[in-house]
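First comes the structure, then the notes that go with it.
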Amino acid sequence: MSAPVTAAAPAAPATATAAPSLTPLFVRLKLSLLKNGLKGSSKRKAAWFGTLALALVVGFFVTLGLALLHGHAHAGTVVVILAAILALAWSFMPLFFPSGDETLDPSRLVMLPLRPRPLVRALLASSLVGIGPLFTLCLAVGSVVAVARDAAGAVFAVLAVPLLLLSYVSLARAVATANVRLLSSRKGRDLALLSGLLIAIGAQVANFASQRLFQPGGLAHLEPAEAVVRWLPPASAVGMVDSASKGDYAAAGAQLVITLAALAGLVWFWERSLTKLMVTPDGSTLAAAAPRADRDSGPGLWALLPAGRTGAVMQRTLRYVLRDPKTKSAWVTALAVGLIVPVFNALQGTGSLYLACFGSGMLGIQMYNQFGQDTSAFWMVAQTLSSPRDVFVEMRARAAALALVTVPYTVLVTAVTAGLVGNWAYFPTALGLALALLGAMLCTGALASVRFPYSIPTDGAFKNVAPGQGGLAWLSIFGGMLASAVICAPVVTATVYFATTPEQQSLAWTVLPLGIVWAALAAWAGLRLAAPVAARRIPEILAAVSKG
């Protein structure tokens, strides 16, 4: 019997070439992308360097202000709360601005033969390159300087600064990686577009809180919250510096352990999410899901709309509000801010019943650039506009759809404001003025839509005007708002007269019917004037709104 044949093992290579490290490669890639992104566009260069200069200037003064808190009794409270606020910002900014750093989108790397752990290190290092981390570094340095009062505090401060920065970046990237599929979907784009709403709400909350804090003993109100937050990472990194400076080394050590454990947990979660992302098929590669059984079950509430072209246009307009991300964002933001401003001012004791007009004004802006809101799909609508009568019916239906939401909303905001300020006697007056403002904005919005149409790009979440049309947008909106104020002058005069003439206050309710009639006349007049102009300018309007 012959001996079994065995395959000869391949000879080992004389020298083994080590794989290059990903970390310096990704850092150089990030720097190259930043450099190349600034080529060929003076505007882009000016914007980037202007942002960098602004970040440096603001960062310097904020760092200086925090450093001046050194030795202040409430310095620890301020910087610990600030560290927690920065953590929230770094957590949610990737969800609101998913396209802000496309070079670090991990979904772009799924086809490359890269292991998750080296990739995490490389992405973490490259994430530290940018204006955001630089500004955060300034705040971190200022925070630890404010609370480091001796040698022990200085030692912990040296550890706290890199821990803070690494924790923030790891938190942002872990959240972004875990939600990258969401951010690339339509729901994710809706979430990004709604960031304007949260920013507006946050601004009002910050304004309300700042007024409370600047009252005598205001910072003392934050001490119970700070006692809890100082143990929550990554704010615990600042808390440990404060604890060490106070001689509580056990608490400082415990907070150091909590910070390190949280950072390790974030990196582990990030790596796990990255692994799942790189091995799980995208939804776009899977078979389409079966149609929903409950889809198109019936006309529902749409059956309540008028028949014919008017009802069809109203339904199309309202469906834009429900389905189009940018239209939805504009409406939700207007609804929220229009209620927040009068309510928050009333809660602070500085409110006025007439701030309810802010709500109708915010929604009235939605009447501007009506054809631009259709984007390039306006050509389908344009095929049906062959006469001034067609344009009048089209724009009247769009205004009716807007009024269908805005009129009840205006009544609600005015009623809530009247209840909060305790001024029900002038509720009819304020409501009449708000409705008159709405009618005036429907009038000027119709005229601005046909005189100054502009395109709304569909490719960017925060691009609301096509390049080169910014002047048209400003002229349309702000010119229309000034014209609306002039149109409302008779109703404003009547309101001021009844409010300043005590013997005539019993007749102040007459402003309500006056405002309703004035609103209807103003809206009708604006539509009538706009219709023939639009009928003549259909080709120009189509070209303007299709530019983006």
Side-chain angles (χ1 to χ4, degrees), residues 20-38 48 51-52 54-56 58-59 83-110 112 114-141 143 159-184 188 192 195 233-235 237-238 259-278 461:
S21 175
L22 287 179
T23 301
L25 176 63
F26 270 62
V27 172
R28 290 197 303 270
L29 176 62
K30 180 64 177 293
L31 292 173
S32 298
L33 290 172
L34 288 175
K35 178 181 177 182
N36 294 334
L38 299 177
W48 193 85
T51 304
L52 176 61
L54 179 63
L56 290 175
V58 175
I85 294 174
L86 284 176
L88 290 176
W90 276 91
S91 300
F92 292 105
M93 280 303 185
L95 299 180
F96 293 153
F97 302 96
S99 60
D101 193 357
E102 295 179 352
T103 63
L104 300 179
D105 184 359
S107 64
R108 300 171 182 266
L109 309 173
V110 295
L112 300 178
L114 302 175
R115 294 184 178 275
R117 185 161 298 175
L119 184 58
V120 165
R121 290 196 296 266
L123 289 174
L124 180 60
S126 57
S127 299
L128 296 174
V129 179
I131 298 177
L134 177 62
F135 182 74
T136 304
L137 178 63
C138 295
L139 298 186
V141 171
S143 297
L159 296 174
V161 172
L163 285 176
L164 274 173
L165 191 58
L166 291 174
S167 297
Y168 289 145
V169 175
S170 300
L171 180 61
R173 296 308 169 193
V175 172
T177 303
N179 294 278
V180 67
R181 294 284 168 79
L182 170 66
L183 297 178
S184 60
S195 61
V238 180
T259 306
L260 291 172
L263 178 58
L266 280 174
V267 174
W268 174 83
F269 176 74
W270 183 9
E271 180 182 347
R272 182 181 176 87
S273 300
L274 192 60
T275 303
K276 182 179 179 181
L277 174 69
M278 300 181 75

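All values below were derived from every heavy atom in this structure, side-chain atoms included, with hydrogens, water molecules and symmetry-related copies excluded.
- To the nearest 0.5 angstrom, Leu171 atom CG is 11.5 Å from Leu86 atom CG.
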Step by step, work out the side chain to side chain contact (heavy atoms under 4.5 Å, CB included) result for Leu165 and Val161. CA-CA 6 Å; Leu165 191 58; Val161 172; 5.8 Å; no
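- For Ala160, the side chain to side chain contact (heavy atoms under 4.5 Å, CB included) partners two or more places apart in sequence, or in a different chain, are Val144, Ala237, Met240, Val241.
- For the residue pair Val175 and Ser91, the shortest heavy atom distance occurs at CG1-O, 3.4 Å.
- The structure places CG of Leu128 at 11.0 Å from CG of Leu123, a figure rounded to the nearest 0.5 Å.
- Here Phe26 contributes atom CZ and Ser32 contributes atom OG; the two are 12.5 Å apart, rounded to the nearest 0.5 Å.
- Taking CG of Leu124 as the reference point, atom CH2 of Trp270 lies at 5.0 Å (rounded to 0.5 Å).
- Considering Arg117, Arg173, Arg115 in turn, Arg117 is the only one that fulfils the salt bridge (Lys or Arg N to Asp or Glu O under 4.0 Å) rule with Glu271.
- Checked against side chain to side chain donor-acceptor pair (under 3.5 Å), Thr136 has the following partners two or more places apart in sequence or in another chain: Trp90.
- The line from CG of Leu52 to CG of Leu134 is 7.0 Å long, rounded to the nearest 0.5 Å.
- Residues forming a salt bridge (charged side-chain N to carboxylate O under 4.0 Å, His left out) with Arg272 (at least two apart in sequence, or on another chain): none.
- To the nearest 0.5 Å, the span separating CG on Leu159 from OG1 on Thr259 amounts to 10.0 Å.
- The side chain to side chain contact (heavy atoms under 4.5 Å, CB included) with Pro234 is formed by just one residue from the set Leu163, Leu166, Leu164, Leu263; it is Leu164.
- For Leu31, the side chain to side chain contact (heavy atoms under 4.5 Å, CB included) test picks out Val27, Val129, with sequence neighbours left out.
- In terms of the side chain to side chain donor-acceptor pair (under 3.5 Å) criterion, Arg121 has no residue partners (sequence neighbours excluded).
- Evaluation of the side chain to side chain contact (heavy atoms under 4.5 Å, CB included) rule for Ala235 yields Val80, Ala83, Ala84, Val229 as partners, not counting sequence neighbours.
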